[in-house]
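Following: one structure in structure tokens, then a few remarks.
For clarity, every value in this text was computed on a predicted model and none was experimentally measured. When reading the values below, keep in mind they use all heavy atoms of this one structure, side chains included, and skip hydrogens, waters and symmetry mates. All residue numbers in this chain count up from 1 along the given sequence.
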Amino acid sequence: MLEAKMAAELVEAKNMVMSFRVSDLQMLLGYVGRSKSGLKHELVTRALQLVQFDCSPEVFKKIKELYETRYSKKGPETVSAAPAQHPVQSRSPESLQMHASYDHGSSGTRTSLSPPNMDYPSLYGKHVNGLSRIPPKVLTKPEVRLAKLPFYDVVDELLKPTELVAQNSEKIQDSPCVFVLSPRQVDLIKNSRDLHPGIKSVQVVLRICYSDVSCPQEDQYPPNIAVKVNHNYCSVPGYYPSNKPGVEPKRPCRPINLTNLMYLSSASNRVTVTWGNYGKSYSVGLYLVRQRTSSELLQRLKTIGVKHPEICKTQVREKLRLDPDSEIATTGVRVSLICPLVKMRLTVPCRAETCAHLQCFDAVFYLQMNEKKPTWMCPVCDKPAQYDQLIIDGLLSKILSECRDADEIEFMVDGSWCPIKAEKERSCSPVCPILDLGSPEITAKLPPPSNPISNENGKPGPDVVDLTLDSTSSSSSSSEEEEEEESPPQKRRCFEKGLLSAC
């Protein structure tokens, strides 16, 4: 019943606007800080757009006041009679000029276009803006939606995405926006913790994107962008340097933090966006956000994103299940315990649910890298891996705690696993134990040296090498001497090192 009554009053407000003269339309648009220039049909369209999307109690009261003033000279009958209904068409707003203050009560955010201490009709406890309060036959234009950012939690929407519209034929355009923060919003900013010196975790940010309603839009800056807050220019992210010849440097398009240049009081804040008008259409939005760190996102992922080991084991069995159409049977799949990002052992094995592989990467380093340069691409398959799609592999986490002496494992068809040692470790490991020749037990087992040279006292003398023998004469020695002097190469190396194989 209440919804029907509100919808009826909304239609009544539109009908009153349709009966306005040019002077009435200009007064209404000037009251909310919008452009008053243009032909009558342009003013009517602009005013209807205001009623349809921003019909706050103050706007409704101003429309009624103008209507009563317009028809007061014709008697009370004319005032009470509503004009005939006309079809309403939705168009994009003609400018970004807007004065808005925000009052947050128990019923939520309410947009206000005049002083907040005005008496409101009881019907407008909430801001009238939504399809449920618009007659079903009235067609509305789809709104631009901005993509959700993992490192920013939206607290309030200060200005919904609004199209930047050129006011003249110049290439460089200026679009101003005036708004006031509520006392609650000011307290949130002042009482928030510092992420870095001078940077609060609760911020007012400006986001810019293409005016495309087909899907949520990523941040995209227009050419020649500059942002001025209360007569001071705000810092905008610069370009990444490019080391490749012929490749233009890329610019990271992120939310622009306006907090440090704003008046954290009841005073009005003016934001002016300077942009290049070169054919493409852009929209801007203002948000009160709480910025998160990679550590906070990691803790949130550990709380809600851990996949049970049994579910992961079932996924392994499904992946290794015999395909009847394939001639090759897969008996196992190897998974590395080394993170492909930093070449270190995994600590928090993670992957996206949309990925088809079992290989994981480390969530700690993945979140830290996206905090500095957000790409959200899987380092294994190079496909999108958004934060909302990340899961922690419970099975691989269990394996990492149990298997500490291997950097690779192999999953079997039944979901079991076994460690795989490195090739170097297997090739360098001795086949039999190594014995130290210095011990007396081993020295007693060694054979005496052949043909020792004794001195006059019968004691062994130093080794003598005959330098007169060449390779030909040495090769003509008897086979018996060769057998006595020759020793296996392996044993000879062992004597030189002082080690002997026990085999």
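For the atom pair OG1 (Thr293) and CG (Leu367), the distance works out to 9.5 Å, reported to the nearest 0.5 Å. In this structure, the separation between NZ on Lys398 and CH2 on Trp417 is 9.5 Å, given to the nearest 0.5 Å. Remark: Leu301 CG to Ile391 CD1 distance equals 8.5 Å, nearest 0.5 Å. Expressed to the nearest 0.5 Å, how far CD1 of Ile304 lies from CD of Gln299 amounts to 11.0 Å. Interatomic distance, CD1 of Ile409 versus CD1 of Ile420, reported as 8.0 Å (0.5 Å rounding). Note that CZ of Phe60 and CD of Glu65 are 12.5 Å apart. Values are rounded to the nearest 0.5 Å.
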Requested in this report: Could you walk me through whether Val44 and Lys40 pass the side chain to side chain contact (heavy atoms under 4.5 Å, CB included) test, one step at a time?
Outcome: CA-CA 6 Å; Val44 170; Lys40 181 177 180 180; 4.2 Å; yes

Query raised in the report: Given the rule in the salt bridge (charged side-chain N to carboxylate O under 4.0 Å, His left out) test, do Asp153 and Arg290 qualify, once you have shown the distances and angles that lead to the verdict?
Result: CA-CA 5 Å; Asp153 293 340; Arg290 187 183 302 275; over 6 Å; no

Requested in this report: Might you work through the side chain to side chain contact (heavy atoms under 4.5 Å, CB included) test for Val227 and Tyr233, ending with a clear yes or no?
Outcome: CA-CA 6 Å; Val227 179; Tyr233 280 100; over 6 Å; no

**Report entry** Full working for side chain to side chain contact (heavy atoms under 4.5 Å, CB included) between Asn269 and Val178
**Finding:** CA-CA 6 Å; Asn269 290 279; Val178 180; over 6 Å; no

Report task. Tell me, with the steps shown, if Glu410 and Met412 meet side chain to side chain contact (heavy atoms under 4.5 Å, CB included). Result -> CA-CA 6 Å; Glu410 183 174 0; Met412 304 304 176; 4.3 Å; yes

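Shown here is Lys62, whose NZ atom has more than 12 heavy atoms of other residues, nucleotides or ligands within 6.0 Å. Within 6.0 Å of atom CE in Met377, more than 12 heavy atoms from other residues, nucleotides or ligands are found, so the atom counts as buried in its surroundings. Within a 6.0 Å sphere centred on NZ of Lys307, heavy atoms belonging to other residues, nucleotides or ligands number more than 12. Sparse packing is recorded around CZ of Arg404, with 12 or fewer heavy atoms of other residues, nucleotides or ligands lying under 6.0 Å away.
Within the 4.5 Å cutoff, the side chain of Val59 has heavy atoms near those of the Leu50 side chain. When side chains are defined from C-beta on, Gln291 counts as touching Leu195, because their heavy atoms get closer than 4.5 Å. The closest side-chain heavy-atom distance from Arg351 to Ile392 is not below 4.5 Å. Looking only at side-chain heavy atoms (C-beta outward), Val306 and Asp393 stay at 4.5 Å or farther from each other. At least one side-chain heavy atom of Leu159 sits under 4.5 Å from a side-chain heavy atom of Cys177. With a 4.5 Å cut-off on side-chain heavy atoms, Pro150 and Leu297 count as touching. Residues Ile199 and Asp194 form no side-chain contact, since every pair of their non-hydrogen atoms from C-beta on lies 4.5 Å or further apart. Annotation: side chain of Leu358 is in contact with side chain of Val316 (closest heavy-atom distance under 4.5 Å).
Among all heavy-atom pairs drawn from Pro255 and Leu149, the shortest one is CG-CD1, 3.3 Å. Between Ala406 and Arg345 the shortest heavy-atom distance is O-NH1, 2.9 Å. What you find for Cys312 and Gly394 is that their closest heavy atoms are SG-N, 3.8 Å. Closest heavy-atom contact between Ser235 and Ile256: O-CG2, 3.7 Å. Heavy-atom minimum distance, Phe20 versus Leu66: CZ-CB, 3.8 Å. Considering every non-hydrogen atom in both Arg145 and Ser214, the closest pair reads NH2-O, 3.8 Å.
Remark: the backbone N or O of Thr347 is paired with a side-chain donor or acceptor of Asp362 at under 3.5 angstrom. With Glu402 contributing its side chain and Ile399 its backbone, the two residues share no donor-acceptor pair below 3.5 Å. A donor-acceptor pair is defined here as one N or O able to donate and one able to accept, closer than 3.5 Å; such a pair exists between the side chain of Lys319 and the backbone of Ala356. Judged by distance alone, the side chain of Asn370 and the main-chain N or O of Thr375 form a donor-acceptor pair under 3.5 Å. Using modelled atom types, one side-chain atom of Gln359 and one backbone atom of Ser336 make a donor-acceptor pair closer than 3.5 Å. In this structure, the side chain of Tyr221 does not engage the main chain of Cys209 through any donor-acceptor pair within 3.5 Å. Put simply, the side chain of Arg207 gets close to the backbone of Ala147: a donor and an acceptor are under 3.5 Å apart.
When only modelled atom types and interatomic distance are considered, Thr272 and Asp174 share no side-chain donor-acceptor pair under 3.5 Å. Side chain to side chain, Glu170 and Asn277 fail the donor-acceptor criterion of an N or O pair below 3.5 Å. In this structure, a donor-acceptor pair under 3.5 Å is present between the side chains of Glu163 and Ser281. For the residue pair Ser211 / Ser283, a side-chain donor-acceptor distance below 3.5 Å is found, with atom types taken as modelled. Between the side chains of Gln173 and Gln167, no donor-acceptor pair of N or O atoms lies under 3.5 Å.
Ring geometry for Phe361 against Tyr366 counts as tilted: the plane angle lies between 30° and 60°, on a 0 to 90° scale.
Between Glu296 and Arg193 a salt bridge is recorded (basic side-chain N to carboxylate O distance below 4.0 Å).
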